[in-house]
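What follows is a single structure, written as structure tokens, with notes after it.
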Amino acid sequence: MTTAPVAGPEAISFGGEANPYALYARLRRQAPVSHMCLPDGGEFWLVTRYADAKNALADPRLSKDPTQVGERWRSTVAQPTDGEDASLVRHLLNVDPPDHTRLRRLVHKGFTPRRIEGLRGRIQEITDGLLDDLARSAGPVDLLDKFAFKVPVTVICELLGVPLEDVEDIHNWSTALSTLVADEEGHAKVGQAAAQLGAYLAELVEHKAEHPGDDLISALIEARDEGQRLSHAELTAMAFLMLIGGHETTVHLIGNGMLALMEHPDQMALLQQDPSLIKSAVEEFLRYEGSVEVATWRFALEELDFDGTRVPQGAPVLVALGSAGRDPERFENPDTFDITRGDAGHLVFGHGMHYCLGAPLARMEGQIAVGSLVRRFPGIRLAVPAGQLRWREGLLIRGLYELPVHLS
């Protein structure tokens with residue numbers, strides 16, 4: 001992440017930096033909300049302090065509906081250009097009550113705690129199979145490609161009823177959609193990926209409607225609440241949200257967590273000596289190097305004032321979750337990685353009505369994947385200096401392009 005002072009908003013480029021936290025510390029000191037602009041010139045306001053971030057995530061004056069963005073800032077936020085793209089945006093993260101209330105109630109009927117807990121044995125089975133594959137590998141392996149990606153994408157595909165042979169296409173579409181772009185060619189690639197994924201999911205929903213199975217999409221098709229059901233467009237959008245959100249963030253929860261452990265051998269040793277620490281370790285992964293750097297867009301429904309910083313009506317707002325997790329006003333010694341911290345007060349899964357529905361699944365996957373990995377390969381270590389690792393450029397996801405390791 002880099003910034004440069006300009007007349008008016010300060011320029012910022014998310015991603016690509018090994019350590020964005022010095023910048024976040026400066027912004028927290030300067031103002032609770034900072035006027036910023038993206039590489040393409042799109043302006044927005046960035047919330048960096050923990051207390052302000054928590055309040056903003058639950059503030060009803062900040063809408064999640066992209067149609068609420070003011071005309072001046074419309075180019076900052078990607079707008080759907082055709083019906084298929086539009087079908088992907090009307091999901092839980094992009095609507096306000098009463099639509100949000102109705103959608104969440106319907107989705108919860110299929111995404112029950114019992115269904116998620118029932119996946120525990122299968123997640124362990126998938127993990128063990130991948131660890132067996134790793135054990136047969138010669139030389140350094142890319143832990144992201146061979147393990148961190150495969151665990152959550154297999155789980156979410158099986159949960160939703162998505163054919164596993166389509167995983168590579170899904171991975172490519174997901175990567176394109178989560179990459180920060182600043183030129184017409186990049187926007188064209190994102191639009192193409194959105195259209196292809198939208199068409200794929202719409203066809204999948206139609207197939208499940210005609211041939212229901214024991215999967216979440218089929219359950220959502222059948223879900224009813226006071227006689228209401230999800231429309232085809234809503235089903236497509238929810239499938240998109242769960243498919244992309246259900247694996248992309250967990251990939252980097254596992255990857256970032258393993259990197260932190262390998263960079264802190266004392267903490268790795270603690271976890272290996274006491275496997276029960278895995279729950280608090282995963283919470284520390286999320287706080288210290290969370291896989292979601294900023295929350296999705298919000299839009300001011302009225303002019304807002306943050307301790308003297310004016311946010312105009314209609315302005316786009318981003319909440320810096322990565323900054324909130326390092327705020328010394330909330331976390332003692334926030335730049336210290338400590339798996340015994342036992343503090344789950346981070347905001348990576350959100351706060352308020354938009355709290356992540358998949359948080360229990362992500363936590364379970366992280367605990368099983370990392371716990372099993374460090375138990376199976378106690379000598380795991382980086383295969384290259386940490387300074388050579390490449391961080392992804394993207395507005396939402398905080399993660400690496402690859403994570404080469406020696407397993408013993």
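These numbers come from the heavy atoms of this one structure, side chains and all, not from hydrogens, waters or symmetry mates. Computed from a predicted model, the values in this text were never measured in an experiment.
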Measure the shortest side-chain to side-chain distance between Pro113 and His108 over non-hydrogen atoms and say whether it is less than 4.5 angstrom. yes

Taking atom CD1 of Ile244 and atom OG of Ser174, what is their separation to the nearest 0.5 Å? 4.0 Å

Please determine whether salt bridge (Lys or Arg N to Asp or Glu O under 4.0 Å) holds for the pair Glu283 and Arg363, giving the CA-CA distance in whole Å, both sets of side-chain angles, and the decisive distance to 0.1 Å. CA-CA 8 Å; Glu283 301 307 318; Arg363 284 187 163 107; 2.6 Å; yes

Is it true that atom CD of Glu165 has more than 12 heavy atoms of other residues, nucleotides or ligands lying nearer than 6.0 Å? yes

What's the verdict on side-chain contact (heavy atoms from CB on, under 4.5 Å) for Met242 and Ile217, showing C-alpha distance, side-chain angles and the deciding distance? CA-CA 10 Å; Met242 290 185 286; Ile217 291 179; 5.8 Å; no

Using modelled atom types only, decide if a donor and an acceptor are shared between the side chain of Thr154 and the backbone of Lys150 within a distance under 3.5 Å. yes

Are Arg49 and Glu329 close enough that some pair of their side-chain heavy atoms sits under 4.5 Å apart? no

Lys/Arg-Asp/Glu bridge criterion (N-O < 4.0 Å) met for Arg114, Glu117: no

Measure up the Trp297 and Phe44 rings against each other and bin them: parallel (under 30°), tilted (30 to 60°), perpendicular (over 60°). perpendicular

Which of parallel (below 30°), tilted (30 to 60°) and perpendicular (above 60°) describes Tyr200 and Trp173? tilted

Min side-chain heavy-atom separation Val317-Val33 under 4.5 Å: no

Criterion side-chain contact (heavy atoms from CB on, under 4.5 Å) on Tyr50 and Arg326, from CA distance to verdict: CA-CA 8 Å; Tyr50 180 93; Arg326 297 291 189 104; over 6 Å; no

Taken to the nearest 0.5 Å, the spacing of Ile156 CD1 from Leu119 CG works out to 8.5 Å

Ignoring hydrogens and geometry, is there a side-chain-to-backbone donor-acceptor pair from Gln313 to Leu301 under 3.5 Å? yes

Begin with the C-alpha distance, continue with both residues' side-chain angles, and end with the deciding distance and a verdict on side-chain contact (heavy atoms from CB on, under 4.5 Å) for Val153 and His171. CA-CA 9 Å; Val153 79; His171 183 46; over 6 Å; no

Can you tell if the side chain of Thr127 reaches within under 4.5 Å of the side chain of Phe147, non-hydrogen atoms only? yes

Indicate the atoms forming the closest heavy-atom contact of Asn256 with Gly399, along with that distance. OD1-CA, 3.7 Å

Flag, side chain of Asn55 to backbone of Ala51, donor-acceptor distance under 3.5 Å: yes

Carboxylate-amine/guanidinium contact Arg61 Asp59, below 4.0 Å: yes

Check: Pro334 main-chain N/O paired with Arg341 side-chain donor or acceptor under 3.5 Å: no

Does Leu261 reach the side chain of Val370, with side-chain heavy atoms less than 4.5 Å apart? yes

Would you say the side-chain atoms of Ser63 and Asp65 include a donor-acceptor pair closer than 3.5 Å? no

Can you find a pair of side-chain heavy atoms, one from Trp391 and one from Pro20, that are under 4.5 Å apart? no

Do side-chain atoms of Gln367 reach the backbone of Lys279 as a donor and acceptor pair under 3.5 angstrom? no

Do Lys208 side-chain atoms and Asp215 backbone N/O form a donor-acceptor pair below 3.5 Å? no

Short N-O contact, Asp343 and Arg287, less than 4.0 angstrom: no

For His100 versus Met353, what's the shortest heavy-atom pair and its separation? CE1-O, 3.1 Å

Here the gap from Leu27 atom CG to Tyr21 atom OH, rounded to the nearest 0.5 Å, amounts to 14.0 Å

Answer whether the closest heavy-atom distance between the side chains of Arg392 and Arg398 falls below 4.5 Å. no

Could you tell me which non-hydrogen atom of Ile123 sits nearest to which non-hydrogen atom of Glu365, and how far apart they are? CD1-CG, 3.9 Å

Taking Pro212's backbone N and O only, do any of them form a donor-acceptor pair with Ser218's side chain (distance below 3.5 Å, no angle check)? no

Please check if the number of heavy atoms outside Asp266 that lie under 6.0 Å from its CG is greater than 12. yes

For Glu203, is the CD atom crowded, meaning more than 12 foreign heavy atoms sit under 6.0 Å from it? no

Under the 3.5 angstrom rule, does the side chain of Arg381 hit a backbone N or O of Pro265 as a donor-acceptor pair? no

Minimal heavy-atom distance between Arg115 and Ala219, with the atoms involved, is NH2-CB, 3.6 Å

Which heavy atom of Pro32 sits nearest a heavy atom of Asp52, and at what distance? CB-OD2, 2.9 Å

Could you grab the distance from atom CD of Gln267 to atom CG of Leu271, nearest 0.5 Å is fine? 9.0 Å

Might you point out which heavy atoms bring Phe331 and Gly325 nearest each other, and give the distance in Å? CD1-O, 3.4 Å

Flag side-chain contact, heavy atom, 4.5 Å: His346 against Phe285: no

N/O donor-acceptor pair under 3.5 Å between Ser291 side chain and His252 backbone: no

Please step through side-chain contact (heavy atoms from CB on, under 4.5 Å) for the pair Arg104 and His354, ending with a clear verdict. CA-CA 9 Å; Arg104 191 173 183 102; His354 290 284; 5.8 Å; no

Is Glu158 salt-bridged to Arg122, going by a charged N under 4.0 Å from an acidic O? yes

Roughly how far, to the nearest 0.5 Å, is the CG atom of Leu403 from the CG atom of Leu144? 5.0 Å

Would you say the ring centers of Trp45 and Phe306 fall short of 6.0 Å from each other? no

Distance from Gln388 atom CD to Glu402 atom CD, nearest 0.5 Å? 10.5 Å

